**Student:** 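Can you read through this structure? Questions will come right after.
Sequence lines set the chain letters: A, B, ... in the order given, protein chains first and strands last, and positions in each chain run from 1. None of the values given here were measured: they were computed from a predicted structure.
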There are 2 protein chains.
Amino acid sequence: MAVKRTKWLNTSEMAAWRSYVVASRRLMDALDVDLQEHDLSMADYEVLAHLSEAPGRRMRMSELAETSMVSKSRLSHRMKVMVKAGWVEREVCAEDKRGSFAVMTEKGWRAIVRAAPDHVASVRSRFLDNLTAKDQDDLAKIFDRVTARLRKQYLESFNKN
Amino acid sequence: MAVKRTKWLNTSEMAAWRSYVVASRRLMDALDVDLQEHDLSMADYEVLAHLSEAPGRRMRMSELAETSMVSKSRLSHRMKVMVKAGWVEREVCAEDKRGSFAVMTEKGWRAIVRAAPDHVASVRSRFLDNLTAKDQDDLAKIFDRVTARLRKQYLESFNKN
DNA sequence: TTGAATTAGTTGAAAGCTAAACTGCATATT
DNA sequence: AATATGCAGTTTAGCTTTCAACTAATTCAA
């Protein structure tokens, strides 16, 4: 079979890619720094936010891990820290005795309620304020496409190999 | 002073933000996985790529850290690993005896040359292929704006506090 | 219904990262 | 010159994250 010659990035592709990578890196760093005053990282915020929106503020570990985009293992480790901080508790699952629930405590609720306004202000000031309404739409479309494609590629990777 | 009431995100703001966050997370994860076959992380790739493009394939540690967007400390740690892998060497700086150069070895060069085509293909297939030429331009403009604003905010944070 | 294969979740060890302290040199100030 | 201040880079300690192994419960399948 013929060897594939690399199709390097042209100027405009490179510009788009670099611009995106650089901004994303710095943006997430800034948001993380902003959250530090609430003793939270982006990842922990994400976990607590999802949990806070769940019915009864309780969720199965696996589901929480999935929606928060962290590995089960990582969630398990963070959980220990958050339990120690008094933000969440564990609860055994009656229907499936392997399983367990993460339940947000009142203290955890207060913590996320305190952090949320600052975080939203951060997201606005550092990101959204740069976008027109049209930019928002364009961007959502583009990145939804990216996610959809990643999922497709992920699924295909099973059939092929 | 009046208390600031939080301006929560509306539907389209939320869509843009979530879409971006989710896609970015998954995209970077995918690129990292793709690079694993070359024993590289995105961060290490970035460092080696910058170094490989420098004149003489050598750079001062501080400059390399800055352009690669990693802390000096982190670079120092990674450096130990990369030296052990035989990809780079250290060289003392004659002009400023505090300083030191990172110099890419022939082996390091071969490693990055081997990885680059796959990485570029990855970036294309997982990201750029989702973008029209116009998308590329829009995106570059938006994220350049984000970076510019972050820098401005960073500078302002000194004057204020 | 009994054994095999999955699944939920945790754990432990190794690697990675961050923040702060530290070393040694360089530059500025008097 | 002497001292202070700043800078380049490393190191240490303490987390955090990952990866693989593991436990225990569940489901599948003959």
**Student:** Could you work out, with side-chain contact (heavy atoms from CB on, under 4.5 Å) as the rule, every residue matching B:A23, not counting sequence neighbours?
**Tutor:** A:F143, A:V146, A:T147

**Student:** State, to 0.1 Å, how close A:M82 and A:D44 come at their nearest heavy-atom pair, and which atoms those are.
**Tutor:** CE-OD1, 3.3 Å

**Student:** Base, sugar-phosphate, or nothing: which does A:S100 touch, judged by heavy atoms less than 4.0 Å apart?
**Tutor:** sugar-phosphate

**Student:** I'd like a table of atom pairs between the protein and nucleotides 1-6 of chain D - only N or O on both sides, under 3.5 Å - with the distance next to each one.
**Tutor:**
| unit_1 | atom_1 | unit_2 | atom_2 | d |
| --- | --- | --- | --- | --- |
| D:dG6 | N2 | B:R98 | NH1 | 3.1 |

**Student:** Given side chains that start at C-beta, do those of A:L75 and A:V47 come closer than 4.5 Å, heavy atoms only?
**Tutor:** yes

**Student:** Given side chains that start at C-beta, do those of B:V92 and B:K97 come closer than 4.5 Å, heavy atoms only?
**Tutor:** no

**Student:** Have a look at the helix from C:dT1-D:dA30 to C:dT30-D:dA1 and give the angle its two end axes make, five pairs each, rounded to 10 degrees.
**Tutor:** 20°

**Student:** Can you give me the first and the last nucleotide of DNA chain C (5' to 3') that has an atom within less than 4.0 angstrom of a non-hydrogen atom in chain A?
**Tutor:** C:dT7 to C:dA19

**Student:** From CG of B:L64 over to C1' of D:dG9, roughly how many Å is that when rounded to an integer?
**Tutor:** 13 Å

**Student:** Excluding sequence neighbours, so at least two apart, what forms ring pair (Phe, Tyr, Trp, His ring centres under 6.0 Å) with A:H119?
**Tutor:** A:Y45

**Student:** Using a 4.5 Å cut-off on heavy atoms from C-beta on, say whether the side chain of A:R124 contacts that of B:E13.
**Tutor:** yes

**Student:** Nearest heavy atom decides the nucleotide; on that basis, is A:S73 or B:M61 closer to the 5' end of DNA chain D?
**Tutor:** B:M61

**Student:** Check every strand shown and say whether A:E95 touches a base, only sugar-phosphate, or nothing at a heavy-atom separation below 4.0 Å.
**Tutor:** sugar-phosphate

**Student:** Just checking A:K97: base, sugar-phosphate only, or nothing, at a heavy-atom cut-off of under 4.0 Å?
**Tutor:** sugar-phosphate

**Student:** Have a look at B:Q36 and say if it touches a base, only the backbone sugar-phosphate, or nothing, with a 4.0 Å heavy-atom cut-off.
**Tutor:** sugar-phosphate

**Student:** Counting only heavy atoms not in B:E66, do more than 12 fall under 6.0 Å of its CD?
**Tutor:** no

**Student:** Side chains of B:L27 and B:L31, heavy atoms from C-beta outward: is any pair under 4.5 Å?
**Tutor:** yes

**Student:** Is A:K141 salt-bridged to A:D137, going by a charged N under 4.0 Å from an acidic O?
**Tutor:** no

**Student:** Which pairs, protein N/O on one side and nucleotides 13-17 of chain D N/O on the other, fall under 3.5 Å?
**Tutor:**
| unit_1 | atom_1 | unit_2 | atom_2 | d |
| --- | --- | --- | --- | --- |
| D:dT16 | OP2 | A:R78 | NH1 | 3.4 |
| D:dT17 | OP1 | A:R74 | NH2 | 2.6 |

**Student:** Please examine the side chains of A:L128 and A:L131, heavy atoms only from C-beta on, and report whether any two atoms are closer than 4.5 Å.
**Tutor:** yes

